[in-house]
Amino acid sequence: MNISKAIPCDLKKTNYMRVKIELITAVTAMVVLTSVHTMAQKTLREATKGEFVFGVAVNMQQVNGINPVETDQIAKEFSAIVPENCMKPQPIHPEENRYYWDEADKLVVFGEKNKQVVTGHCLIWHSQISKWFFIDSHGKDVSPEILKERMRQHIQTVVGRYKGRIRGWDVVNEAFEDNGSFRNSKFYQILGKDFIKYAFQFAYEADPDAELYYNDYNVETPAKCDAIVKLVKDLKTAGCRIDAVGSQSHMQLNSPTLDATEGSFKKLSDAGVHILITEWDISILPSPYDGANIAANFNYSKEMDPYRDAVPDSVQQKWNKRMLDMFGLFLKYKDVIDRVTVWGLTDNTTWLNNFPIRGRKDYPMLFDRNNKRKPIVDEIIKLAEKYK
Ligand code: XIL
């Protein structure tokens, strides 16, 4: 039997209308859902394009794909990477006549594969450097000439190896105390303040096209910022190339203030250098210490590790607001800020779980302990898009 013939005409029309409405509703729902999905899936890398490069410090497990989810997130969400450890003086140059390239080589290839800007961290630093650098075969401090020559060889070998593949280098890391005086490092003791100038000269000779940076923590502290501004001017007067100052930006819930941070941006841009936010993280934990000198270490206590089980909502809200306020400030200065790099991917892998107190549970990163993007990421993306 022909069913259509058996159904009265009006009923057929109603059915047809109903199907049509259902279809339209379904299509509309699909469109809405897809766009919500696309919005949610928009990456940090896409959202910050044209504003600044958005980077992350990576460790070797991530480069080696031990946890493929992390490796994938790094590739998708970030337009830049920097090695968390493997290019520092000690790991890359453990003995005078031995360099260890395996990890740094892999990291550079990883960044190239992901079409990411790769920067080098760091050439001259008082921490994570082997003792051999400063002593002779009798254990005595070497002469200024020998130290200068060791610096030249180190810098030119490392920079030369990655010439044309690394956009820029943290040439000198942390040469100042917070009060603006020179840190009394071995470099300073043996060579005086000129060690900084030599480092920039050697790096330039090794790769004249690479950008060269001075990098430090607590750049927001006025005395330290003034010392860095003076350094920039002195380097320029001496004819050295310096492109940017890296402000590490290891922050806490209450410090530095937005005003102090903005103050440092103004001073640095007035000095004619660009700014990089090189190691951004905001700890939620109480801190016995207001800096990022990796030698600082304090005893563990439960009071100093209050969020082992959960983060109270009020604290979470405070962190969210602070992240957004700071990110908004970075956007405000996007004309002089070339890169914003977070110092780690997830709360699981952040160095802050062990600094400045070992074995705590901190929550400073954009991805949680289950590798999930935190809700703040969407807020950051929205803010970045507003500034376009
Ligand atoms: C930290 C790394 O994150 C840790 O894995 C390592 O044990 C110590 O160094 N300032 C810097 C970075 O310039 O190199 C430091 O990185 C954090 C402070």
Side-chain angles (χ1 to χ4, degrees), residues 55-64 66-67 70 74 78 80-94 100 103-104 107 118-130 154 158 166 168-178 183 185 187 196 199 212-221 224 228 244-252 255-256 275-283 285 287-298 339-367:
V56 59
V58 298
N59 61 39
M60 286 317 289
Q61 280 92 326
Q62 291 161 338
V63 170
N64 290 328
I66 303 298
N67 178 346
E70 284 182 30
I74 289 167
F78 298 91
I81 57 165
V82 62
E84 185 172 356
N85 284 298
C86 71
M87 283 188 191
K88 290 172 179 173
Q90 195 285 327
I92 210 163
H93 196 174
Y100 175 68
E103 299 192 340
L107 182 132
V118 183
T119 49
H121 172 81
C122 49
L123 296 170
I124 294 296
W125 189 25
H126 65 279
S127 285
Q128 291 184 272
I129 183 162
S130 306
H154 173 75
V158 176
I166 286 203
W169 284 94
D170 290 339
V171 178
V172 174
N173 197 26
E174 303 177 354
F176 294 106
E177 298 287 352
D178 286 355
R183 181 187 296 279
S185 67
F187 289 110
I196 304 179
L212 305 181
Y213 320 126
Y214 173 77
N215 195 53
D216 215 326
Y217 62 83
N218 286 354
V219 172
E220 305 81 10
T221 308
K224 196 168 199 172
I228 295 171
V245 168
S247 174
Q248 291 184 7
S249 308
H250 294 292
M251 299 176 167
Q252 276 125 34
S255 84
I275 299 164
L276 311 169
I277 306 300
T278 49
E279 306 182 16
W280 192 34
D281 47 27
I282 303 185
S283 169
L285 293 178
S287 180
Y289 163 72
D290 213 12
N293 182 355
I294 68 163
N297 200 301
F298 298 83
R339 171 166 55 93
V340 174
T341 290
V342 287
W343 201 247
L345 181 72
T346 75
D347 288 343
N348 246 347
T349 51
T350 170
W351 76 302
L352 291 174
N353 290 328
N354 291 305
F355 175 86
I357 297 174
R358 294 197 72 79
R360 295 196 295 175
K361 233 175 154 181
D362 207 342
Y363 300 78
M365 305 278 59
L366 297 173
F367 290 76

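In listed order, ligands and their atoms are each counted from 1.
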Which of the numbered atoms in ligand 1 are under 4.0 angstrom from any heavy atom belonging to A292?
18 (C)
Based purely on interatomic distance, does E279 place a nitrogen or oxygen under 3.5 Å from a nitrogen or oxygen of ligand 1?
yes
Side chain to side chain contact (heavy atoms under 4.5 Å, CB included) test vs N218 passes for just one of E174, K224, E177, namely K224
Do you know the tightest heavy-atom contact between P83 and T119?
CD-O, 3.2 Å
Under 4.0 angstrom from ligand 1, any heavy atom of W343?
yes
Closest to atom 14 (O) of ligand 1 (heavy atoms only, candidates H121, M87, E174) is H121
Atom 8 (C) of ligand 1: nearest protein contact (heavy atom, Å)
Q128 OE1, 3.5 Å
Tightest non-hydrogen contact, residues D362 and N353, listed as N-OD1, 2.8 Å
Using a 6.0 Å cut-off, check whether atom CZ of R183 has over 12 heavy atoms from anything other than its own residue.
yes
Among protein heavy atoms, which sits nearest to atom 7 (O) of ligand 1, and what does the distance come to when rounded to 0.1 Å?
N85 OD1, 4.3 Å
If I compare all heavy atoms of P89 with all of H154, which pair ends up nearest, and what's the gap?
CA-CE1, 4.0 Å
Do E84 and T349 have side chains that get closer than 4.5 Å, going by heavy atoms?
no
Show the atoms of ligand 1 that are less than 4.0 angstrom away from any heavy atom in N173.
13 (O)
Tell me, with the steps shown, if D178 and Y217 meet side chain to side chain contact (heavy atoms under 4.5 Å, CB included).
CA-CA 9 Å; D178 286 355; Y217 62 83; 3.8 Å; yes
Option set E84, Q248, K88, H250, criterion heavy-atom distance to atom 1 (C) of ligand 1, minimum
K88
Yes or no: does W125 have any heavy atom under 4.0 Å from an atom of ligand 1?
yes
